[in-house]
Number of protein chains: 2
Amino acid sequence: MSVTIKDIAQVSGVSYSTVSKALNDSPLVKPDTKKKILQVAKDLGYTPNFVAKNLVSKKSNTIGLAWPTIEQTALSTLVTEINKQVVKNNYFMMLSINDTNHAVEMFQKFRVDGVIIFEAETPLVKTFDSNLPILTHGVSSNNPYPIIDVNHRKSIYEAVLYLNRLGHKKISYVGFPSQTDKRQIEKLKGFRVAMNEIGLKVDEDSIISTDGLTWYDGYAAAKKLLQRSNLPTALINGSYDLSVGILRAVNEFNLKVPEDISIISYDNIPQMARLETPLTSVGVPVNQLAEKMVNSLLDLINKTNSLPLIEVMEPEITKRGSCSNPTYKKAD
Amino acid sequence: MSVTIKDIAQVSGVSYSTVSKALNDSPLVKPDTKKKILQVAKDLGYTPNFVAKNLVSKKSNTIGLAWPTIEQTALSTLVTEINKQVVKNNYFMMLSINDTNHAVEMFQKFRVDGVIIFEAETPLVKTFDSNLPILTHGVSSNNPYPIIDVNHRKSIYEAVLYLNRLGHKKISYVGFPSQTDKRQIEKLKGFRVAMNEIGLKVDEDSIISTDGLTWYDGYAAAKKLLQRSNLPTALINGSYDLSVGILRAVNEFNLKVPEDISIISYDNIPQMARLETPLTSVGVPVNQLAEKMVNSLLDLINKTNSLPLIEVMEPEITKRGSCSNPTYKKAD
DNA sequence: TTGAAAGCGCTACCAC
DNA sequence: GTGGTAGCGCTTTCAA
């Protein structure tokens, strides 16, 4: 049996409603009384029963995150950042690695205040209790819940323009040309559009396809690329994990960044700065994305703001010294 | 307002205690009544309120898992397997990626039935409510909670003996000789003890140190090793992630497994079978480990069994064809 | 400033 | 078989 407010009331010789108020730091309780009650609570090793609290207040102060099966660094970084934001707002976060539909159902039974559906691999077939605030990210857009997304196309587009402004004409894109992954398709599109706009040809030399999004895929692609006689002066690549591999290959070829080659990577996460060569990167900064997601969900929960059904966040370039102009003067 | 059993009672014209019984499939309700009530519940879109249920039954049917900051494949596989076991036992699992102490505190407030502390990076300073069943894994052994561990030393020990039985005399170990990671230290010790026991010398040629436990660490170490003139006939390595890199290197050197070199890896997870070359591996099969952990926690919760403070699980070798005798005849 | 009492949604017990 | 009711631990009126 754990200790309840009644126990505290008994010991401190007050009514249990007074204890409740004291515990909630209500101004209605005399400081002396409050102090004594708090002391007794501590002595007794009292742990508030959230279950009971939630039952009456109809607030769990908890959000659920339907967790994908993720291996990608950038995505697990996002989950971590979301957790930080949640804690900062005095909420808890409950993760579930079950199937999305199962996860949401469970969250609902626990009466969480809101749910984030994150990178669902399976379609959201069910319509859940319409009162449950749900926010999605990276889910196909034909779902009834607000979605916070990221402008992938513009990210790579901006990267091309940035390199071009530095004077680069020979720019290559290393990425995974998946048929099904919308995000990868968008990135590639951004590359083509930008190159076209500034009058640079896109041929097979300028697009290097990887076999996936892992570290080794980047490594293998970069190795193939770097063996060529006619090297690009600048490289754009599609993810953090790819970057790791690409840098290894660049190292093995004894190339200096940015003296021999400029590199800009997708995924604006802090880990970019901790690579063997810190990389300039483009994308929505992960902390901003996390903050936006959590604040949006909180708005949904508190009904303080109505949300647009789709919100696409715009990318930023974060300079970390891996790009210069092609004549080898550092530009960032 | 979500619908409650009272709403159901009103609509179906019975008392709400009958509804409660029907919903819990009690034999005390006439099948007809039950059927009708269930139908009404469905029509109304009723979702049981676990919060209320938990309050009275003092059971949340949920266990909490204090989630480490993991990057290692084998560990996230373990979490997934644990989740499967939990679901199989009609429980829910709540994950927290917060600091362990914070996580347990939160779980306690939510009155979870039990907690698994998994690979805690920070020491467990606090003693939590002594009534909360807690099970740990991979945590330093000077904690007051039962711990389920894995015999790392014996794993590698058995691997050496296995290779030796096949006739190998030139056996190398590729692993991360961390000063602080007890598990890595134990693996290395297992190698030394076994080699010593069968009268083989351990020199710098037989131990190849990696710089970490990532994929690339394995790749880099293997490349260095394979350049030697005097190749070992068999290789033992310390983790799944290392294996991935090692196989890439082996491939690049155009070596055949097991014809040119036998490989056995630590980490007994199914992914081993899905590598470019399926690898024979040693360790406690991850599903067995997960099952043991969940069952143990459930025992703790239901007090059906008392647990020893430390339980160390013994490894198995799972043969997947990557080992032969040195004269190139497949052995497994 | 404190206390009494209602009630959150549900289970479990006891009557009928 | 079914209904009435107490009570889980807490917050929140309302009275004193």
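Note that this is a predicted model, so its numbers are computed, not measured. Per chain, numbering begins at 1; letters A, B, ... match sequence-line order.
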Visitor: Taking it one step at a time, do A:N89 and A:V294 satisfy side-chain contact (heavy atoms from CB on, under 4.5 Å)?
Guide: CA-CA 9 Å; A:N89 284 282; A:V294 173; 3.9 Å; yes

Visitor: Could you tell me the separation between the CG atom of A:D32 and the C1' atom of C:dT1, rounded to a whole number of Å?
Guide: 12 Å

Visitor: Rounded to whole Å, how long is the line connecting atom CD1 of A:I5 with atom C1' of D:dC10?
Guide: 5 Å

Visitor: Starting at the 5' end of DNA chain D and moving along, which residue's nearest nucleotide shows up first, A:K6 or A:V56?
Guide: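 Nearest nucleotide further toward 5': that of A:K6.
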
Visitor: Looking at B:N49, I'd like to know whether one of its side-chain N or O atoms comes within less than 4.0 Å of OP1 or OP2 on C:dC8.
Guide: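 No, B:N49 has no side-chain N/O under 4.0 Å of OP1/OP2 on C:dC8.
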
Visitor: On the nucleotide C:dT1, are OP1 or OP2 found under 4.0 Å from the side-chain N or O atoms that A:K34 carries?
Guide: no

Visitor: Whole-Å distance between D:dC8 P and B:L55 CG?
Guide: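 These atoms are roughly 9 Å apart.
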
Visitor: Run the side-chain contact (heavy atoms from CB on, under 4.5 Å) test on B:L289 and B:N268 for me, step by step, so that the C-alpha distance in whole Å, both residues' side-chain angles and the decisive distance to 0.1 Å come before the verdict.
Guide: CA-CA 10 Å; B:L289 177 56; B:N268 209 333; over 6 Å; no

Visitor: Check whether any side-chain nitrogen or oxygen of B:K53 sits under 4.0 Å from OP1 or OP2 of C:dT11, and answer yes or no.
Guide: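 The answer is yes; a side-chain N or O of B:K53 sits under 4.0 Å from OP1 or OP2.
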
Visitor: What is the separation between atom NZ on B:K30 and atom P on D:dG3, rounded to the nearest whole Å?
Guide: 10 Å

Visitor: Is it true that A:K21 and A:Y16 share a donor-acceptor pair across their side chains at a distance under 3.5 Å?
Guide: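 A:K21 and A:Y16 do not have a side-chain donor-acceptor pair below 3.5 Å.
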
Visitor: Please determine, by modelled atom types, if B:N61 and B:N90 share a side-chain donor-acceptor pair under 3.5 angstrom.
Guide: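 Judged by distance alone, the side chains do not pair up.
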
Visitor: Take the protein atom CG of B:L28 and the nucleotide atom P of C:dC16, then report the distance between them rounded to whole Å.
Guide: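 Rounded to the whole Å, the gap is 18 Å.
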
Visitor: Verify the neighbour count for atom NZ of B:K109: are there more than 12 heavy atoms of other residues, nucleotides or ligands below 6.0 Å?
Guide: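 Above 12, so yes.
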
Visitor: Would you indicate, yes or no, if D:dT2 has its OP1 or OP2 atom less than 4.0 angstrom from a side-chain nitrogen or oxygen of B:T33?
Guide: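 For B:T33, the contact criterion (side-chain N or O under 4.0 Å from OP1 or OP2 of D:dT2) is met.
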
Visitor: Just how far, in rounded Å, is P of C:dA12 from NZ of B:K59?
Guide: 12 Å

Visitor: Please list each protein N or O that sits under 3.5 Å from an N or O in nucleotides 3-5 of chain C, with the distance.
Guide:
residue : atom : partner : partner atom : Å
C:dG3   : OP2  : A:S15   : N            : 2.8
C:dG3   : OP2  : A:S15   : OG           : 3.3
C:dG3   : OP2  : A:T18   : OG1          : 2.7
C:dG3   : N7   : A:S17   : OG           : 3.4
C:dG3   : N7   : A:K21   : NZ           : 3.4
C:dG3   : O6   : A:K21   : NZ           : 2.6
C:dA4   : N7   : A:S17   : OG           : 3.3
C:dA4   : N6   : A:S17   : OG           : 3.3

Visitor: For A:S20, answer base if it contacts any base atom (sugar-phosphate contacts may also be present), sugar-phosphate if it contacts only those atoms, and nothing otherwise; contact means non-hydrogen atoms under 4.0 Å.
Guide: base

Visitor: Please report, rounded to the nearest Å, how far the P atom of D:dG1 is from the NZ atom of B:K36.
Guide: 15 Å

Visitor: How about B:E314: does its CD atom have over 12 heavy atoms from other parts shown lying under 6.0 Å from it?
Guide: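 Result for CD/B:E314: enclosed.
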
Visitor: Centres of the B:F92 and B:F50 rings: under 6.0 Å?
Guide: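 Between B:F50 and B:F92, which both carry aromatic rings, the centre distance is below 6.0 Å.
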
Visitor: To the nearest angstrom, how far is A:R111 atom CZ from C:dC8 atom C1'?
Guide: 11 Å

Visitor: Any base atoms under 4.0 Å from B:N54, or only sugar-phosphate, or nothing? Heavy atoms, all strands.
Guide: nothing

Visitor: With a 4.0 Å cut-off on heavy atoms, is A:F50 in touch with a base, just the backbone sugar-phosphate, or nothing at all?
Guide: nothing

